[in-house]
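Please read the structure below before turning to the comments.
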Amino acid sequence: MQALKPSSSKLTLIVASVVFLLGLAGVAHGGRRLISSHDDNKPCKKMTVYYHDILYNGSNNTANATSAAVTKPSAALSRSNWSNGTFFGMLVVFDDLVTEEQALTSEPVARAQGFYLYDKKEAYNVWIAFTLVFDSKAYKGTLNLMGADLMAEETRDLSVVGGTGDFFMSRGVATLSTNATEGYFYFRLKMDIKLYECYVA
Ligand SMILES: *[C@@H]1O[C@H](CO)[C@@H](O)[C@H](O)[C@H]1NC(C)=O
Ligand SMILES: *[C@@H]1O[C@H](CO)[C@@H](O)[C@H](O)[C@H]1NC(C)=O
Ligand SMILES: *[C@@H]1O[C@H](CO)[C@@H](O)[C@H](O)[C@H]1NC(C)=O
Ligand SMILES: *[C@@H]1O[C@H](CO)[C@@H](O)[C@H](O)[C@H]1NC(C)=O
Ligand SMILES: *[C@@H]1O[C@H](CO)[C@@H](O)[C@H](O)[C@H]1NC(C)=O
Ligand SMILES: *[C@@H]1O[C@H](CO)[C@@H](O)[C@H](O)[C@H]1NC(C)=O
């Protein structure tokens, strides 16, 4: 038994090395390397874009609308706290334009495809999930965002939970702020997207 000791610790070392190497291999995907950022202030990729939500108003904006309510709010619940209603229970589906600058007519960057649902009886508040679909000279690929959009807050953070193409396996945080609202049928969000995990070829 005594004689086995050194070899068993050697074995432990070999096992540990193999596990370590497998761990390293696990980080590379399809020949790409993970570039992580451990400093919260230094994302590996950063971009600011603007999301335009043009809601169908029920009459004559079909040419422009990119977003539509697919359920009505639950009227009684929605008005239970605030007589004007909070849209509680309403689900909206969108295929919205995302641009480089704040103007709707500025350079398109991506489409934001997904949905948001009003989830608070007492105030406007939504849960949102969408894919940013990039198909431009600069980027091809997708980023998937989701989370609570706490509309009472000046800035809200959504999780960037993954990506494909130029954003293969990316993760990070998108900070949202409402940049403009026009009545009930248009709003614009400023999105500061910060990726803390990027893969490079
Ligand atoms: C919508 O457009 C139609 C035809 O273009 C017009 O007759 C109608 O009055 C318009 N309705 C509204 C609410 O603008
Ligand atoms: C569509 O949007 C553009 C830009 O906001 C606006 O100039 C135009 O009047 C809109 N058209 C309709 C039918 O709403
Ligand atoms: C909807 O938008 C169209 C085009 O901008 C406008 O003519 C119409 O009056 C709007 N209807 C409502 C109910 O806001
Ligand atoms: C509405 O909800 C808010 C927050 O929960 C509460 O402070 C307020 O008293 C409520 N108002 C009514 C009319 O129920
Ligand atoms: C509710 O709507 C009424 C009428 O449109 C408006 O006068 C009032 O200011 C609204 N209440 C709130 C809290 O915005
Ligand atoms: C909208 O975005 C522009 C450009 O980033 C910024 O200058 C402006 O202050 C923003 N407006 C609001 C209301 O946040």
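Counting convention: from 1, in listed order, for ligands and their atoms alike. Being a predicted model, the structure only gives us computed values, none of them experimental.
Listed by chain and number, the residues in a side-chain contact (heavy atoms from CB on, under 4.5 Å) with M146 are W127, A129, V161 (sequence neighbours excluded). S67 is linked by a side-chain contact (heavy atoms from CB on, under 4.5 Å) to D53, L55, V92, F94, D96, Y116, counting only residues two or more places apart in sequence or in another chain.
Under a 4.0 Å criterion applied to the non-hydrogen atoms of N60, ligand 3 contributes the atoms 3 (C), 4 (C). The atoms of ligand 3 that sit less than 4.0 Å from any heavy atom of N57 are 1 (C), 2 (O), 3 (C), 8 (C), 10 (C), 11 (N), 12 (C), 13 (C), 14 (O). For ligand 6, the atoms sitting less than 4.0 Å from at least one non-hydrogen atom of Y50 are 2 (O), 4 (C), 5 (O), numbered in the order shown with element in parentheses.
Sorted by chain and number, the heavy-atom contacts of ligand 4 below 4.0 Å come from N81, E122.
Cluster annotation: Y184 and V126 are assigned to the same hydrophobic cluster (Ile/Leu/Val/Met/Phe/Trp/Tyr, side-chain heavy-atom contacts under 4.5 Å, transitive). The hydrophobic clustering, which links ILVMFWY residues whose side-chain heavy atoms are closer than 4.5 Å, places L97 and V93 apart.
Under the salt bridge (Lys or Arg N to Asp or Glu O under 4.0 Å) criterion, the residue pairs touching residues 147-171 are D149-R156, R171-E197, with sequence neighbours excluded.
Closest heavy-atom contact between T66 and R111: CG2-NH2, 3.7 Å.
Heavy atoms of S59 come nearer than 4.0 angstrom to ligand 3 in at least one pair.
Taking OH of Y139 as the reference point, atom NZ of K45 lies at 4.0 Å (rounded to 0.5 Å).
Side-chain polar atoms of T164 and T142 form a donor-acceptor pair below 3.5 angstrom.
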